Number of protein chains: 2
Amino acid sequence: MPVSKRQNADFADSAYRRLCDAILDGRLTPGTPLSRRVLAAEFGMSTVPVGEALLRLEAEGLVESRPRAGSRVRIPTASEIQGNYELREALETHSARLFAERATESDRKRLLATAEKLDAIFARMERKSYSAVRHALAERQHMRFHMLIAEAGRCAELASAIERSRVLLFNWLFTMSAEFGVLPEGWHSMLARKLADGSPREAAEAMRVHVRYRKDEVIEKLAQLTGSGAGRMARGPQRHRNGDSAK
Amino acid sequence: MPVSKRQNADFADSAYRRLCDAILDGRLTPGTPLSRRVLAAEFGMSTVPVGEALLRLEAEGLVESRPRAGSRVRIPTASEIQGNYELREALETHSARLFAERATESDRKRLLATAEKLDAIFARMERKSYSAVRHALAERQHMRFHMLIAEAGRCAELASAIERSRVLLFNWLFTMSAEFGVLPEGWHSMLARKLADGSPREAAEAMRVHVRYRKDEVIEKLAQLTGSGAGRMARGPQRHRNGDSAK
DNA sequence: CCCAGAAAACTGATACGACAGTTTGTACTG
DNA sequence: CAGTACAAACTGTCGTATCAGTTTTCTGGG
């Protein structure tokens, strides 16, 4: 699930992929220190390629680093999360518009199929209790749904921008062990039908409703957490204990 | 005008800034080879910080590098340019919407003022003949106009996404020595008034018209260039001649 | 003259070592 | 016991050297 790819079999690339996966899987939770030397030893390479990997991750917003005092998995702020949803509203509404304009018949079919699958997952999760990790996995399926829409729009730039913004969401999920509320039954299928059958404008507005629904949920959750003693947003330094974390 | 900033006074940062400025000013035109060693000697540092700078520029899309065969200032493809405008339509329409919702009175005033200034520049350019470089400078003023709208939207994520996508435009301008057609008189002032006085939806639609106007211009130009023998899109290797280019 | 193949000159990728700044832990002072 | 100064251990940063892959150039045959 790495965002930027450069299929070199280089060390730097391997380090990037391992770190990216580890962060997105929640094995490296936000706030975890990332020491070049420790990671280099763990990966069996020098610190140089590790540094390159960290630099890329920093450019993508998954890692933050203070000039000479270490890097760590980024802890997103409340306003960043909110801003991310604002950005997504811009991107995904346009993506929906392009879908309505350009999608082929097979695109529409595929979208409807994955929408039903996604609704089934959410329905199952409603009954069983679930951990944040389980939820993140469902969220990853959710990402496929939205990427399918973006790709049918036939605009690589828009699709990759959506992917980038979505990746940051995972980081946030693990920060707050957040769980979304339950969606009305058949929510995604209904959205998919509107995209497949509606005019470009109708598709865009349907997507806007969808994104805002989630955004409002998030804002409410953030208010709860920051209101009731900062929740888990600001965690302590957390000394190095880089065991076999990013295998 | 660098995109990512990290106000270290480090060598890597200095190299990044110098290269970024040189590319955006047109001193380093698309296709120019960027040798780590040559640049290192020129900047009075080792190849390591230069490599870091190139890596950042690559992440931003200004530089491309083939695994072990050198980096060069990126030559954008036709579909990338078109996709960039598509992306911009998504971002800027939403930016306009937020402007209509959140801008303060002083935001509106400032926008109207810069719109008039911008219109004056374009009017002056219409009379005099102008080089691509001159045009790019005007385009930079144009960028301020759009960044002003984005910042009034109070969403840092959206603003930085717009900035990133706009930066790539400069690169393109120098590739094709492209010149836009002449805009109707008072075009930007009219747009600014619609953003300042209209509803969020009206603002968004006004911006959409603006972006598409430019997009159609670009598509037409691209068709001319690729149709009539590829124009200057694909330039030869162009041997190293890194004189005092990036001072 | 043209074209294949070898050699030379380039390229980035990585390792290692030295260095300077930051953080942390501790011992000493009030 | 609180606060401060100091030292140790960490951090990223950068320079130099080496290596392997790519590109260009040169060379020799047709």
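What you see below is based on every heavy atom in this structure, not just the backbone, and it leaves out hydrogens, waters and symmetry mates. Nothing here was measured: the structure is a model prediction, and the numbers come from that model. Within every chain, numbering begins at 1; the chains are lettered A, B, ... in the order of the sequence lines, protein sequences first and strands thereafter.
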- Message: Going by the rule ring pair (Phe, Tyr, Trp, His ring centres under 6.0 Å), which residues pair with B/Phe11 if we only count those two or more places apart in sequence or in a different chain?
- Response: none

- Map B/Arg36 and A/Ala69 onto DNA chain C by nearest heavy atom, then report which one ends up closer to the 5' terminus. B/Arg36

Provide a list of protein-nucleic acid N or O atom pairs under 3.5 angstrom, restricted to nucleotides 4-6 of chain D.
none

In whole angstrom, give the distance that lies between atom [atom1] of [X] and atom [atom2] of [N].
X: A/Arg72; N: C/dT22; atom1: CZ; atom2: P; result: 16 Å
X: A/Glu58; N: D/dG12; atom1: CD; atom2: C1'; result: 11 Å
X: B/Glu52; N: C/dG12; atom1: CD; atom2: C1'; result: 15 Å
X: A/Asp13; N: C/dG12; atom1: CG; atom2: P; result: 17 Å
X: B/Leu34; N: C/dT11; atom1: CG; atom2: P; result: 11 Å
X: A/Arg68; N: D/dG12; atom1: CZ; atom2: C1'; result: 7 Å
X: A/Leu55; N: D/dG12; atom1: CG; atom2: P; result: 12 Å
X: B/Asp10; N: C/dG21; atom1: CG; atom2: C1'; result: 10 Å

- Step-by-step side chain to side chain contact (heavy atoms under 4.5 Å, CB included) determination, A/Arg212 to A/Glu89: CA-CA 7 Å; A/Arg212 287 201 172 167; A/Glu89 183 178 332; 3.0 Å; yes

- Message: With salt bridge (charged side-chain N to carboxylate O under 4.0 Å, His left out) as the criterion, how do B/Glu58 and B/Arg74 come out once you've worked through the C-alpha distance, each side chain's angles and the decisive distance to 0.1 Å?
- Response: CA-CA 9 Å; B/Glu58 191 184 353; B/Arg74 180 160 200 181; over 6 Å; no

Is any side-chain heavy atom of [Y] closer than 4.5 Å to one of [X]?
X: A/Lys221; Y: A/Asp216; value: no
X: A/Tyr16; Y: A/Val50; value: no
X: B/Cys155; Y: B/Leu98; value: yes

- Degree of bending in the helix from C/dC1-D/dG30 to C/dG30-D/dC1 once both end axes are built from five pairs, to 10°: 10°

- Partners of A/Arg36 by side chain to side chain donor-acceptor pair (under 3.5 Å), sequence neighbours excluded? none

- Quick one: is D/dT23 close enough that its OP1 or OP2 comes under 4.0 Å of any side-chain N or O from B/Arg66? yes

- Item | Shortest non-hydrogen separation from A/Asp25 to A/Arg27 and the atoms involved | OD2-NH1, 3.0 Å

All N/O contacts under 3.5 Å from nucleotides 15-18 of chain C to the protein, with atom names and distances to one decimal?
unit_1	atom_1	unit_2	atom_2	d
C/dA15	OP1	A/Ser46	N	3.1
C/dA15	OP2	A/Ser46	N	2.4
C/dA15	OP2	A/Ser46	OG	2.6

- Taking only Lys NZ, Arg NE, NH1 and NH2, and the carboxylate oxygens of Asp or Glu, determine whether B/Asp13 and B/Arg56 approach each other closer than 4.0 Å. yes

- Message: Counting neighbours of CD on B/Glu220 that are heavy atoms of other residues, nucleotides or ligands and sit closer than 6.0 Å, is the number greater than 12?
- Response: no

- What pairs with B/Glu92 under salt bridge (Lys or Arg N to Asp or Glu O under 4.0 Å), at least two apart in sequence or on another chain? B/Arg166

